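These numbers come from the heavy atoms of this one structure, side chains and all, not from hydrogens, waters or symmetry mates. Because the structure is a prediction, the values reported are computed rather than measured. Order of the sequence lines fixes the chain letters, A, B, ..., with proteins taken first and strands second; residue numbering starts at 1 for each chain.
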Amino acid sequence: MRWSQTLIPTMKEIPADAEVPSHQLMLRAGMIRQLMAGAYTYLPLGLRALKKAEAIVREEMDAAGGIEIFMPALQPIDLFERTGRKTAFGNVLINFNVKRGDRQVHLALGPTHEEVVTDLVSKLISSYRQMPITLYQIQTKFRNEERPRFGILRTSEFLMKDAYSFHSSFESLNETYQKMYRAYCRVFSRCGLDYLPVEAESGPIGGDGSHEFMIPAANGEDQIVYCKQTGYAANCERAETGRKPPVIAASPDAKPIAKVHTPQAGSIEAVCKLLKCKPHKMVKTLIFVADGKPVAVLVRGDHEANEGKIRRALKATTLELADPDVILQVTGAPVGFAGPVGIKCPVIADHDVPLIVNAITGANEADQHYVNVNVATDYQLGTTHDLRNATGGDPSPRGEGTLELVHGIEVGHVFKLGTKYSASLDALFDDEKEFRQPIIMGCYGIGVNRILAGLAETKHDENGLIWPLAIAPYEVILSALDVTDANTLAASEALYADLKAAKVDVLLDDRDQRPGVKFKDADLIGIPLRVNVGGKGLKEGVVELKWRNEKDATKVPVADAARVIQEHLAARRIEEAARVPA
RNA sequence: CGGGGCGUAGCUCAGCUUGGCUAGAGCGCCUGGUUUGGGACCAGGAAGUCGCAGGUUCGAAUCCUGUCGCCCCGACCA
């Protein structure tokens, strides 16, 4: 393609509306333009990169045994009513009425396609002999994000690859899940992303039922913990910590307990402000109702209680925060003044709680707190548990190393669904013994746009984007440094023709611009290999080859240029492929 | 939905506090010329309902009210 004949509106200045690097750079590189909050047009460069990412996803899905289909973005609302997800999605589900003759048809724009695919399969599959099967599509999804942000990282309309697998047994589901997991690793490494598969909340199936694929990035919306030494990674909710129960004993520094008046100070923040202390010196006491019985849960003031862990520690099936009535019953005080001293219900504590010497906590009395509260003297604990979200600095659960907190961009998610949708949509099959049962499902999503955003976010320098060969809109940019010079023009055109003939993905910068402009633009749009054709080189009979991610150019005789460029590209492809796991 | 910020030319921004001639600059664009290896220079030119609506006023980009849009933080996010 010739630059002069396509549409690449690069910008020298940073648009005021863009804050994060991926947004700024993709805008400046002329890849995207915003239509409204959360909706972007893909211009030629952006579209080419997107298509390359899409092609990689498709290849890997096909290789993993996926079967491609294409489902409607328009969906009848009653499908969502049957699965209860009209309510679950709430405002996120874009839905509306349209008039057809004398009736109203209530439609939704698909935020995902579990309902549609399950409905389809319920009609097409009725026997264990037809499974397993994995169907996938690459489709535009619609979600009414309450707050679209970060350019194309979070939009209301986005391209998603969603795959759904159908099984007659959990063994079969596990097998496909592993295949998909491997395919995802291949997709993201082929795209040149530094990704992290993390354990995620697993939902109905439990165990190893869900992984998210995250790209560590400063502007990522999700927080995960990661241990460099052991490679353990999980989202904060899901993550175990490697902490051990401490020895529970009174501290030699313990001071006598005392009651202080703390009017209106019912939150950690308010108490800290009032008593001029730090949250980590406080004991947060939360009253839960587990299987109908109240229980007090103790965590350090600066920590977040984790309901999943609490439920497991209590071996309870249901767990919810207590309402004010129950709190008044067990503490004798309104919300915000609970504490372990003298409380009238069972107490469990996080490992870190008994380590707080001279702690501050609620006095189970309105507007009163205790200071200098110490375990073993003022309240008793038999043992402690892991009851809170993991955080930076916690020991890794794998025995060595320390967890660090990193932000990440979620680009993929694999999930063992079980029978949630098949049961509510009557997708049943007959097994070997003629028992009719719901199909077991898995689902697997990849945000295709986020592959680009993630790359832009993590692979750039002060001059612009740096695309890997596999995703770059063009592999080579041929910069004709002075198109008014006949020699330069002739040499550029000849090389361009040779490269095109050899099927090299090349962009010819044939604009009547000064070399400086062309260099800056080439760097900005991040084409991996730049070929400079200009008077200086031609005098010596050479052109220059410069990789975007390397500092120096190499000189190549004009006559060899087409061949050497192809060799360079081949070598780079091998280099990139070497990072892809089997 | 709570908090904050911003809407003036295609882009970045000045002007608004203290209302007053025909609304400015740089970049980009068009014309001509000189240039040509890291965002050139000279001369000329086109381009703006000052987000929109209403109000105050002799007079509003500027003050007031409303409204719409965009960005950021938070809440939310199968």
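Base pairing of B:rU49 is not made with any nucleotide, judged by Watson-Crick or G-U wobble geometry with both donor-acceptor distances under 3.5 Å. The partner of B:rG59, taking Watson-Crick or G-U wobble pairs whose two distances both stay under 3.5 Å, does not exist in any strand shown. The partner of B:rU31, taking Watson-Crick or G-U wobble pairs whose two distances both stay under 3.5 Å, is B:rA43. Base pairing of B:rU17: no nucleotide in any strand meets the Watson-Crick or G-U wobble criterion (both distances under 3.5 Å). Nucleotide B:rC6 forms a Watson-Crick or G-U wobble pair with B:rG69, both donor-acceptor distances falling under 3.5 Å. If you check B:rC1 for Watson-Crick or wobble pairing at under 3.5 angstrom, you find it paired to B:rG74. The partner of B:rG37 cannot be assigned: no Watson-Crick or G-U wobble pair with both contacts below 3.5 Å exists in any strand. For B:rU22, there is no paired base (Watson-Crick or G-U wobble, both distances below 3.5 Å).
As rounded to the nearest Å, B:rC50 and B:rA9 have C1' atoms that lie 11 Å from one another. Taking the P atoms as reference points, B:rU62 lies 14 Å from B:rA23, given to the whole Å. For the C1' atoms, the distance linking B:rC29 with B:rG66 amounts to 38 Å, nearest Å. The separation of B:rG20 from B:rU31, taken at their C1' atoms, amounts to 37 Å, rounded to a whole angstrom. The C1' atoms of B:rA61 and B:rC16 are separated by 7 Å, rounded to the nearest whole Å. Comparing B:rC27 with B:rC42, their P atoms are spaced 9 Å from each other, to the whole Å. Rounded to a whole angstrom, the distance from the C1' atom of B:rC73 to that of B:rG26 is 32 Å. Distance noted for atom C1' between B:rG38 and B:rA78: 49 Å (whole Å).
Every residue meeting the side chain to side chain contact (heavy atoms under 4.5 Å, CB included) condition with A:Arg149, not counting sequence neighbours, appears here in chain and number order: A:Arg147, A:Arg154, A:Glu221. Residues that satisfy the ring pair (Phe, Tyr, Trp, His ring centres under 6.0 Å) test with A:Phe158, not counting sequence neighbours, are absent from this structure. With sequence neighbours left out, A:His413 forms a ring pair (Phe, Tyr, Trp, His ring centres under 6.0 Å) with A:Phe415. A:His23 pairs by the ring pair (Phe, Tyr, Trp, His ring centres under 6.0 Å) definition with A:Tyr40, not counting sequence neighbours. Checked against side chain to side chain contact (heavy atoms under 4.5 Å, CB included), A:Lys459 has the following partners two or more places apart in sequence or in another chain: A:Asp194, A:Leu455. Applying the ring pair (Phe, Tyr, Trp, His ring centres under 6.0 Å) rule to A:Tyr184 yields the partners A:Phe188, A:Phe213; only residues at least two apart in sequence or on another chain are considered.
Residue contacts shown for A:Phe150 are limited to sugar-phosphate atoms, with no base heavy atom under 4.0 Å away. At the heavy-atom level, A:Thr484 lies under 4.0 Å from base atoms of the strands shown. The residue A:Gln34 sits close only to the backbone: its heavy atoms come under 4.0 Å of sugar-phosphate atoms, none of a base. Using a 4.0 Å heavy-atom cutoff across all strands shown, A:Ala16 reaches sugar-phosphate atoms only and no base atom.
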Dump every N/O contact between nucleotides 74-76 of chain B and the protein below 3.5 Å, one line per pair.
| from | atom 1 | to | atom 2 | distance (Å) |
| --- | --- | --- | --- | --- |
| B:rG74 | N7 | A:Arg147 | NH1 | 3.2 |
| B:rC76 | N4 | A:Arg149 | NH2 | 2.9 |

Check the interface with nucleotides 7-9 of chain B: list each N/O to N/O pair with the protein under 3.5 Å, or write none.
none

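A:Asn549 and A:Arg572 share a side-chain donor-acceptor pair at under 3.5 Å. For the residue pair A:Thr112 / A:Glu114, a side-chain donor-acceptor distance below 3.5 Å is found, with atom types taken as modelled.
Straight-line distance from the CG atom of A:Leu27 to the C1' atom of B:rU12: 13 Å, rounded to whole Å. Atom pair A:Asp482:CG and B:rU34:C1' shows a separation of 14 Å (rounding to whole Å applied). Rounded to an integer number of Å, the gap from A:Asp509 CG to B:rU36 P is 19 Å. Put simply, CD on A:Glu13 is 13 Å from P on B:rG26, counting in whole angstrom units. A:Leu153 has its CG atom 11 Å from the P atom of B:rC73, to the nearest Å. Summarising the geometry, the separation between CG on A:Leu79 and C1' on B:rA78 is reported as 15 Å, rounded to the nearest angstrom. Separating the CG atom of A:Asn487 from the C1' atom of B:rU36 is a distance of 15 Å, rounded to the nearest angstrom. The CD1-C1' distance, from A:Ile14 to B:rG10, rounds to 17 Å in whole Å.
Mapped onto RNA chain B by nearest heavy atom, A:Glu19 and A:His413 fall at different nucleotides, with A:Glu19 at the one closer to the 5' end.
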Quiz prompt | Summary of protein contacts for nucleotides 37-48 of chain B, nucleotide by nucleotide, where a base hit scores B, a sugar-phosphate-only hit scores S (4.0 Å, heavy atoms) | solution = BBBB--------
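Taking the ring axis of A:Phe80 as reference, the NZ or CZ atom of A:Lys86 does not stay both within 45° of it and closer than 6.0 Å to the ring centre.
Pairs passing the salt bridge (charged side-chain N to carboxylate O under 4.0 Å, His left out) check and including a residue from residues 524-538 of chain A, sequence neighbours excluded, read A:Asp523-A:Arg530. The ring-ring contact (aromatic ring centres under 6.0 Å, His included) pairs that include a residue from residues 515-544 of chain A number zero, where partners must be two or more places apart or lie in different chains. Screening residues 442-454 of chain A for side chain to side chain donor-acceptor pair (under 3.5 Å), with sequence neighbours left out, gives A:Tyr42-A:Asn449, A:Ser165-A:Tyr444.
Remark: A:Met31 CE to A:Leu452 CG distance equals 6.0 Å, nearest 0.5 Å. Between A:Glu115 atom CD and A:Thr83 atom OG1 the span is 3.5 Å, to the nearest 0.5 Å.
When the nucleotides B:rU36, B:rC71, B:rA78 are ranked by their closest atom to the side chain of A:Arg85, B:rA78 comes out on top.
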